[in-house]
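Contents: one structure, followed by commentary.
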Amino acid sequence: MPSGEYDPDAVEPRWQRRWVDEETYAYSDDDPVDPNTVFSIDTPPPTVSGSLHMGHLYGFTLQDFVARFERMNGGETFFPFGYDDNGIASERLTEDELDIRHQDFERREFQAKCREVCADYEEQFTENVQSLGVSVDWNHTYQTIEPRVQRVSQLSFLDLYEQGREYREKAPAIWCPECETAISQVETEDDEQGSHFNDIAFPVVGGDADDDLPAEFVISTTRPELLPACVAVFVHPDDEENQALVGESAEVPLFGHEVPIIADERVDMETGSGIVMCCTFGDQNDIEWYQVHDLDLRVAIDESGHMTGVAEAYEGLHADEAGEAIVEDLDEAGALLDRRDITHTVNVHERCGTSVEFLVTEQWYIEMLDKTDEYLAVGREMDWSPEKMFTRYEHWVEGLQWDWLISRQRSSGIPFPVWYCDDCGEVVVADKADLPVDPLSDDPPVDACPECGHDAFEPEDDVLDTWATSSLTPLINAGWDWDDEAGEFTMERPELYQFDLRPQGHDIISFWLFHTLVKCYEHTGEVPFEETMINGHVLDENREKMSKSVGNVVEPEAVLEEFPVDATRYWAAGTAVGDDFPFKEKDLRAGEKLIRKLWNASKLVESLAPEPFPAEPEGGLRELDRWLLAELDAEVERLTDLLDDRAFSKARDELRSFFWNTFCDDYLEIAKQREDDAAAYTLRTAHRRFLKLFAPLLAHVTEELWHDMYADAADKAALADGASDSIHLADWPEPLGVEADRDAGTAATAVVGALRKYKSENQLPLTAALDAVEVYADVRGFEDDITGVMHVDDLAVHPDGDAPVETVITGIDLDYATVGPKYGDQVGDIEAGLAQEDYELADDELHVAGVTLVDEEFAVEEERQYRGEGELLQADDVVVIVRNDA
RNA sequence: GGGUUGGUAGUCUAGUCCGGUUAUGACACCUCCUUGACAUGGAGGAGGCCGGCAGUUCAAAUCUGCCCCAACCCA
């Protein structure tokens, strides 16, 4: 039985432990699960780092709303958890934690260290997530580096290879010189950086001798260190001033090699001098020019960002140092004409912020550019919450310029199951049955090259892009595997696929969602998700992005120190899904108040309707009881629809105001007067339904009350609806189908409201007695309720009688929805006629401005005047007269 | 530079897709009320003309165009 004040500090951790210990949310593999009713969620595996941030709290909570609602409302729910410990993030974490460098270790050795470090962090992380009370099934977790997942990832590689969707090619690729690996388009981002524009004089070959040719021209560049890599100079075909240069050659200053001057439309005439140099490679334009004009390849910068032999005297310098040195030397040689500060956007690696280079290297790709139309169609098949997020997907797919580069030159990660013939270079892949393999330590499945018969092989030592693995989470969760005997792919839990929901942040639509669609579509031929729910970012109280450098980061730990978890859940439900939204302490306070209200109201229900639980009385319920249950029926339907639509904010506010205003302020206040079985039955019935409706939102307090009042009660079989373990395993309420005159109930509460207002305006206590009240409305059946709660000595109800009031017509309201379209621009005249009171009313018809309006097209606005004894109160359409001598 | 989203009372926000004339709710604010749980409560009040300009329309927060501001995505 609930008593005293609610103590979330004690209650919440207790339930969190029990939910985990008792495996409350475990997905039952044992019984056959109906694929039509199972609800499966492909949850985002967070990158392992010890602590939570508000984005975690928000994201997990939103997922949990869906999981808890669907679990109650539908069948079995699959809510797994993954740890993304495969890749650069966990390499970095390990290097920092142990103060080591991955280059100093053998791959296996370093990977072992990664796993040790990650294991500690994962344990901590698990505790943190469990302290949020999310209903994860802790029996179904995975790590993206574990052997089972490595097998899935390598199977995926082999399947796509066999389908001809993968190829290996030596070509310019985006390269991070800091991480020393190739990366894909999605891993780059723009960064505004300060730089210099250097105006450099290029001599024209033969320009001194020919009067028609200038001796030199100017090129403005931000990257002087690329001068040694210069292979051509470009002029726009519309650039008349410099047209004479086209077809000639230029001499690259300091380095002296001659390069052709070519016309091309891709030149931006507005930037710098309008003449641009092409280097292999400075940006993507250079790559296009290199390919289209079949230019030389001069590689000046190596894998680690240092100058190569092509840079002659500058060899071995870091590119930045070389740039400075070259500028100095140009200045000395008189070739530097100007140098000015600018800010421009550069392409950087999103993980380390280093400017990317473009290097010609041999890499593995997944072909995508040929199928973008299909990937768009597949994306369109899903339900998007909110819909607008689909446009982001659309733009990303339409803007794709590269196939997916999946090889990374890193130590840690999942290896390619690939060897190459030492002699002819033939690709040899592993047998599916042998996976996972590491070619560095495992032997290829053949003794001799199937192509040339050579017997020595070179292992592939690159590892797979982490997204190549995390894009397989639906297949990992469904237990995708290869059955060697049957020669086909299988699923351990086929009923889960396709997944019902993919929740994730909008920032990784182009990473995770897109790549998952591509991979799963290629493997299974169908879209992996029915629905995707895209959440926004958490901002600070001032709607600013949280950032460590600004110092406005709110830590979940600090919030949970001060507020109950249920209050953070209330806050998290407070915005439309998909919008970025601010951290709001006000909402946490409001959440706390709601929790307290629910607790206190439950105490009152307990005392008004103590055990034993009364059955529905034979004499039936009173009007008021049926009215409440009927209103609650309507509320159940509204709320179910809102939660189906993931409209958490509306659901939260809707339920809160119905519970607070209708149940607590109206029904409970009246029910306090009563001690009959009908009231007790109604209170208990409504209360149990409220707890269930609140359960997805306020997971802890509802569980505590459920156990206090129902699940652990003496008569629990009858009370707990078969859910004595947890309210979260109870069935979602269905409408009871209670018949009630809801108009009468509404009128009765309007009367009570009017009397309250009367007392408030007259500064009377709500318990003050009223001598006499007359009601002109059909509120029969509610008389005792009204007199009881409002302390009316003498109540007279006139259900059909005309009120003793005079009505004065104060104006005419038009029904514009009908009148507007019907009369068009005559509406102005009609309004003018009404304003001048130049109209006639007769037989329910209105004659004005030469037209006749019929009954439905207008409403007469009246003011009631009462000249009798007492005071007239207005309460919607109900006339209430109060006489009070006091 | 292109695109997406948003700009509604002191603050946050509903409504905008499907135009209809007293614009929703919460928090803060003011007044009153100790009533069988809750004063961390209850009743009531004041506060906005919907970023700006122009247009379409009988009618615009809601449609169209332009502009300004912010965030994000992509160049």
Side-chain angles (χ1 to χ4, degrees), chain A residues 2-6 185-186 188-190 268 270 283-285 345 347 386-396 398-401 505-507 509-510 536-537 539 541-545 570-571 574-576 578-608 647 649-650 652-654 656-657 660-661 664-665 668-669 671-675 752-768 789-791 813-831 861:
Chain A
S3 61
E5 286 190 17
Y6 178 57
Q185 183 185 345
V186 74
T188 67
E189 64 185 15
D190 293 337
D268 178 6
E270 305 301 314
D283 60 21
Q284 258 189 71
N285 236 347
T345 49
N347 232 229
E387 274 177 59
K388 62 189 179 192
M389 288 299 174
F390 176 68
T391 13
R392 294 220 186 169
Y393 177 85
E394 202 172 19
H395 286 147
W396 169 253
E398 285 171 352
L400 273 178
Q401 299 191 19
H506 61 51
D507 52 333
I509 290 174
S510 52
H537 283 152
L539 308 173
E541 296 247 28
N542 301 316
R543 297 201 133 267
E544 305 282 334
K545 195 172 176 173
Y570 179 87
W571 160 76
T575 195
D579 289 353
D580 287 349
F581 86 122
F583 174 76
K584 284 184 281 190
E585 205 170 304
K586 302 264 169 62
D587 258 26
L588 292 166
R589 294 233 160 76
E592 251 186 325
K593 282 171 67 173
L594 178 60
I595 294 164
R596 194 177 300 120
K597 189 76 180 177
L598 181 58
W599 182 263
N600 287 323
S602 300
K603 280 200 298 188
L604 182 60
V605 167
E606 180 77 33
S607 73
L608 290 174
S649 176
K650 285 179 191 167
R652 179 192 84 169
D653 294 344
E654 171 80 33
R656 177 188 185 278
S657 67
W660 205 304
N661 302 326
C664 292
D665 295 345
L668 262 183
E669 286 302 327
K672 277 181 188 174
Q673 321 293 324
R674 295 168 48 185
E675 284 183 10
V752 171
L755 294 174
R756 269 193 205 131
K757 188 172 176 180
Y758 170 82
K759 289 184 178 180
S760 179
E761 281 171 352
N762 290 283
Q763 304 193 359
L764 295 167
L766 285 175
T767 46
V789 72
M790 281 292 115
H791 303 270
D813 282 335
L814 295 175
D815 177 23
Y816 284 94
T818 359
V819 174
K822 188 166 172 185
Y823 293 100
D825 50 15
Q826 289 181 67
V827 170
D829 297 337
I830 294 172
E831 283 174 332
E861 190 182 292

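By convention in this document, chain letters (A, B, ...) are assigned in the order of the sequence lines, proteins followed by strands, and residues within each chain are numbered from 1. Worth saying up front: this structure is predicted, and the values here are computed from it rather than measured.
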Out of B:G3, B:C58, B:C33, which nucleotide sits closest to the side chain of A:H395?
B:G3
Which nucleotide, B:C27, B:G44, B:C58, lies nearest any side-chain atom of A:K593?
B:C27
Between the base of B:A37 and the side chain of A:E669, is there a donor-acceptor distance below 3.5 Å?
yes
Base, sugar-phosphate alone, or nothing: which one does A:K597 contact when heavy atoms must sit under 4.0 Å apart?
base
Could you measure between the two P atoms, the one in B:C73 and the one in B:U11, and give it in whole Å?
27 Å
Rounded to whole Å, how long is the line connecting atom CG of A:D587 with atom P of B:A26?
12 Å
Remember a base hit wins even if backbone is also touched, and classify A:E675 as base, sugar-phosphate or nothing at under 4.0 Å, heavy atoms.
base
Looking at side-chain heavy atoms only, is the closest gap between A:C664 and A:K597 below 4.5 Å?
yes
Does A:D665 reach a base, just sugar-phosphate, or nothing at all? Heavy atoms under 4.0 Å.
sugar-phosphate
Under 4.0 Å between any heavy atoms, over every strand shown, what does A:E606 touch: base, sugar-phosphate, or nothing? Just pick one.
nothing
If we take the C1' atom in both B:C12 and B:C50, what is their distance in whole Å?
16 Å
Please give, in whole Å, the distance from B:C73 C1' to A:H537 NE2?
11 Å
Report yes if some heavy atom in the side chain of A:L604 is under 4.5 Å from a heavy atom in the side chain of A:L668; otherwise report no.
yes
Distance in angstrom units between A:K759 NZ and B:G44 C1', rounded
14 Å
Given that A:A817 and A:Q826 both sit by RNA chain B, which one's nearest nucleotide is further toward the 5' end?
A:A817
How is A:G828 classified with respect to the nucleic acid when contacts are heavy atoms under 4.0 Å: base, sugar-phosphate, or nothing?
nothing
Is there a side-chain contact between A:D653 and A:S657, using heavy atoms and a 4.5 Å cut-off?
no
Please measure how far the C1' atom in B:A61 lies from the corresponding atom in B:G48, and state the result in whole Å.
11 Å
Using the P atom as the point on both nucleotides, what is the distance between B:U31 and B:C69, in whole Å?
42 Å
Residue pair A:V827 / A:Y816, side-chain heavy-atom distance below 4.5 Å:
yes
Mind checking the P distance from B:G41 to B:G52? Whole angstroms is fine.
37 Å
Checking salt bridge (Lys or Arg N to Asp or Glu O under 4.0 Å) for the pair A:D587/A:R652: CA distance, chi angles, key distance, verdict?
CA-CA 12 Å; A:D587 258 26; A:R652 179 192 84 169; 3.2 Å; yes
Rounded to whole Å, the CD-P distance (A:Q673 to B:A37) equals 12 Å
Testing B:A37, B:U21, B:U35 for proximity to the side chain of A:L766, the answer is B:U35
Result of checking A:K586, A:K593, A:E585 against A:R589 for side chain to side chain contact (heavy atoms under 4.5 Å, CB included):
A:E585
Which whole number of Å gives the distance between the P atom of B:A46 and that of B:G65?
40 Å
In whole angstroms, the gap separating C1' of B:A43 from NE2 of A:H791 amounts to 14 Å
Determine whether A:L539 and A:F583 make a side-chain contact, defined as any pair of heavy atoms from C-beta on separated by less than 4.5 Å.
no
A:I830 CD1 - B:A59 P separation (whole Å)
13 Å
Do A:Y570 and A:L588 touch side chain to side chain, with heavy atoms closer than 4.5 Å?
no
So what does A:G824 hit on the nucleic acid, given a heavy-atom distance under 4.0 Å: a base, only sugar-phosphate, or nothing?
base
Earlier contact from the 5' end, RNA chain B, for A:C664 and A:R756
A:C664
Counting side-chain heavy atoms from C-beta on, which of B:G44, B:C27, B:G20 comes nearest to A:Y816?
B:G20
Measuring only between side-chain heavy atoms, which start at C-beta, is A:L814 closer than 4.5 Å to A:E831?
yes
Nearest-Å distance once atom C1' is located in both B:G42 and B:U24:
22 Å
Considering only side-chain heavy atoms of A:P821, which listed nucleotide, B:C27, B:C58, B:U21, is closest?
B:C58
Each nucleotide in nucleotides 12-18 of chain B should get exactly one letter: B, S or -. Can you fill that in based on protein heavy atoms under 4.0 Å?
SSSS---
Report the stems of RNA chain B as range-with-range entries sorted by first number; a stem here is at least three consecutive pairs, Watson-Crick or G-U wobble, both distances under 3.5 Å, and write none if there are none.
B:1-7 with B:68-74, B:10-12 with B:25-27, B:29-33 with B:41-45, B:51-55 with B:63-67
A:L755 vs A:V789 side-chain heavy atoms within contact, under 4.5 Å:
no
For B:A14 versus B:A26, give the span between their P atoms, rounded off to a whole number of Å.
15 Å
Could you tell me whether A:Q673 atom CD has more than 12 heavy atoms of other residues or ligands within 6.0 Å of it?
yes
If you measure from CE on A:M790 to CG on A:L766, what distance do you get to the nearest 0.5 Å?
5.5 Å
Nearest to the A:L668 side chain among B:C33, B:A37, B:C58, which nucleotide is it?
B:A37
Nearest whole Å is fine: how far is B:C74 P from A:N347 CG?
10 Å
A:K388 NZ - B:U5 P separation (whole Å):
7 Å
